[in-house]
Protein chains: 2
Amino acid sequence: MSQPMPIGTVSRLARVKVATIRYYEGIGLLPVPARTGANRRGYDIMDVRRLKFIRHARDLGFDLNAIRQLLALAGLPEQPCDEADAIARTHLAAVGQKIDQLTALRKELEAMVERGTHGRIAECHVIEVLANSDE
Amino acid sequence: MSQPMPIGTVSRLARVKVATIRYYEGIGLLPVPARTGANRRGYDIMDVRRLKFIRHARDLGFDLNAIRQLLALAGLPEQPCDEADAIARTHLAAVGQKIDQLTALRKELEAMVERGTHGRIAECHVIEVLANSDE
DNA sequence: GCTACATCCTCTAGCTACTAGAGGAGCAAG
DNA sequence: CTTGCTCCTCTAGTAGCTAGAGGATGTAGC
């Protein structure tokens, strides 16, 4: 009953760029919409919902593959929720690892930078650390 | 005087993959080496050093652009060291930001996952959070 | 009806930093 | 002489878009 929305409207509502919406369609993350007589894509409210779901998941750092699975699960309300849980937990673990990695990195970079060098490159601690081949 | 090394040897010494070495050559990060009669690349110890420098910097998360600058600076021992310092500090700041970002993310993911769900998708907290369009 | 201007369309190429693979030549050891 | 390793070039793929060319259509004001 409701008029189909053009892609720009969907873009504003879901806060997903037009080009990104077309991209999602291309990789099968978003269903191929009907077209108007003038070959324009026509969307409905369900498409907006789906896009918002995707955007939320992307904001939380899920990759498109995980999102694909989560979307599939979201469509099966009677299924057990274990799988969705597992996906989220896996991602959480990955984020934790990345944080640990970056924290270790930061420590090294701080050690590298801490000595306020005002000398020449020849005595530059930063360059020195990079050039040293120990470890 | 020393024999030129084949790419495989350099690869082992610097712990940089053969394909990556060729890639670095292609983008101008590594000088184009002389070739042997049979068209093989011939490297010397300086190339190994340069590659180790690059690898160290990569391990510390510098991007190739920053590394390009750092390499240039490393070749000018009389220059002041400020610029190298600035590059390192900028990178350090970026790493710090990334950590903060991921830490916030982790908090959200933890909140999402904490409720051990054993129900159906219909009651799944993970899916629910993703589907909710507030904020 | 006419004129802007915004929006839509498709298609291609670019971004980062590599990696993988095809298809072929050369070299060293047994 | 054959086996197997290393080397060569070139192309395409990875993730997740983004930007731009070049063209058609819709809409608002006059």
Side-chain angles (χ1 to χ4, degrees), chain A residues 3-30 32-43 47 50-51 53-71 87 90-91 94-95 98 101 105, chain B residues 3-30 32-43 47 50-51 53-71 90-91 94-95 98 101-102 105:
Chain A
Q3 303 282 347
M5 281 176 274
I7 197 168
T9 303
V10 175
S11 170
R12 277 185 292 279
L13 288 175
R15 265 168 288 169
V16 175
K17 291 187 182 173
V18 167
T20 305
I21 295 172
R22 289 197 276 245
Y23 171 69
Y24 287 162
E25 178 186 328
I27 62 167
L29 205 58
L30 208 59
V32 176
R35 299 289 182 121
T36 69
N39 197 33
R40 309 286 174 94
R41 291 170 178 83
Y43 296 98
D47 296 309
R50 196 175 174 93
L51 270 170
F53 186 105
I54 295 171
R55 183 173 57 75
H56 288 155
R58 288 294 298 138
D59 288 348
L60 287 168
F62 288 96
D63 61 34
L64 293 183
N65 213 335
I67 293 174
R68 215 182 278 274
Q69 293 174 257
L70 289 168
L71 278 168
I87 293 171
T90 299
H91 180 49
V95 169
K98 191 79 197 168
Q101 222 181 80
L105 208 71
Chain B
Q3 303 282 348
M5 280 176 274
I7 198 168
T9 302
V10 175
S11 170
R12 276 184 292 280
L13 289 176
R15 266 167 289 168
V16 175
K17 291 188 184 172
V18 167
T20 305
I21 296 172
R22 289 197 276 245
Y23 171 70
Y24 287 162
E25 178 186 328
I27 62 168
L29 206 58
L30 208 60
V32 175
R35 299 288 182 122
T36 69
N39 197 32
R40 309 287 174 95
R41 291 169 176 83
Y43 295 99
D47 296 308
R50 195 174 174 93
L51 270 170
F53 185 105
I54 295 171
R55 183 173 56 75
H56 288 156
R58 288 293 296 136
D59 288 349
L60 288 169
F62 289 96
D63 60 34
L64 293 183
N65 213 335
I67 293 174
R68 214 182 280 272
Q69 294 174 256
L70 289 168
L71 278 167
T90 300
H91 180 48
V95 170
K98 191 79 197 167
Q101 221 180 79
L102 286 177
L105 207 72

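The sequence lines fix the lettering, A, B, ..., with proteins before strands; numbering per chain opens at 1. Keep in mind that the numbers below use all heavy atoms, side chains included, and drop hydrogens, waters and symmetry copies.
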Nucleotide D:dT6, atom C1' - distance to CZ of B:Arg12 in whole Å: 9 Å

Can you figure out which of D:dC7, D:dG16, C:dC9 approaches the side chain of B:Val18 most closely? D:dC7

Counting only N and O atoms by type, is there a donor-acceptor contact under 3.5 Å from the side chain of B:His91 to the main-chain atoms of B:Leu60? yes

Rounded to the nearest 0.5 angstrom, the CD1-CZ distance for A:Ile67 and A:Arg58 is 5.5 Å

Roughly how many Å is it from CD1 in A:Ile67 to C1' in D:dC17, rounded to a whole number? 13 Å

Give the rounded distance in Å between these two atoms: CG of B:Asn65 and P of C:dC15. 12 Å

Test your reading of the model: is there a side-chain donor-acceptor pair from A:Arg40 to the backbone of A:Ile7, 3.5 Å cut-off? no

Between D:dC10 atom P and B:Glu25 atom CD, what is the distance in whole Å? 12 Å

Could you tell me if the side chain of A:Arg22 sits less than 4.5 Å from the side chain of A:Arg41, heavy atoms only? yes

Measuring from A:Leu64:CG to A:Leu70:CG, what's the distance to the nearest 0.5 Å? 11.5 Å

The reported gap from CZ in A:Arg50 to CD1 in A:Ile21 (rounded to nearest 0.5 angstrom) is 13.5 Å

Roughly how many Å is it from CD1 in B:Ile21 to P in D:dT9, rounded to a whole number? 13 Å

Taking the side chain as everything from C-beta on, heavy atoms only, tell me whether B:Ile54 gets closer than 4.5 Å to B:Val16. no

Can you tell me how far CZ of B:Arg55 sits from NZ of B:Lys17, rounded to the nearest 0.5 angstrom? 13.0 Å

Tell me the interatomic distance from B:Tyr43, atom OH, to D:dC7, atom C1', rounded to whole angstroms. 11 Å

Find the distance A:Ile7:CD1 to C:dT7:P and express it as a whole number of Å. 13 Å

Check nucleotides 18-20 of chain C for protein N or O atoms closer than 3.5 Å to its own N or O atoms and list the pairs.
from, atom 1, to, atom 2, distance (Å)
C:dC18, OP1, B:Arg58, NE, 3.4
C:dC18, OP2, B:Tyr24, OH, 2.8
C:dC18, OP2, B:Arg58, NE, 2.9
C:dC18, O5', B:Tyr24, OH, 3.4
C:dT19, OP2, B:Thr20, OG1, 2.7

Give, ordered by number, those residues of residues 33-42 of chain B having at least one heavy-atom distance below 4.0 Å to an atom of DNA chain D; if nothing qualifies, reply none. B:Arg35, B:Asn39, B:Arg40, B:Arg41

Could you walk me through whether A:Tyr43 and A:Thr9 pass the side chain to side chain contact (heavy atoms under 4.5 Å, CB included) test, one step at a time? CA-CA 9 Å; A:Tyr43 296 98; A:Thr9 303; over 6 Å; no

Could you state the CG-P distance from B:Leu30 to C:dA17, rounded to the nearest angstrom? 16 Å

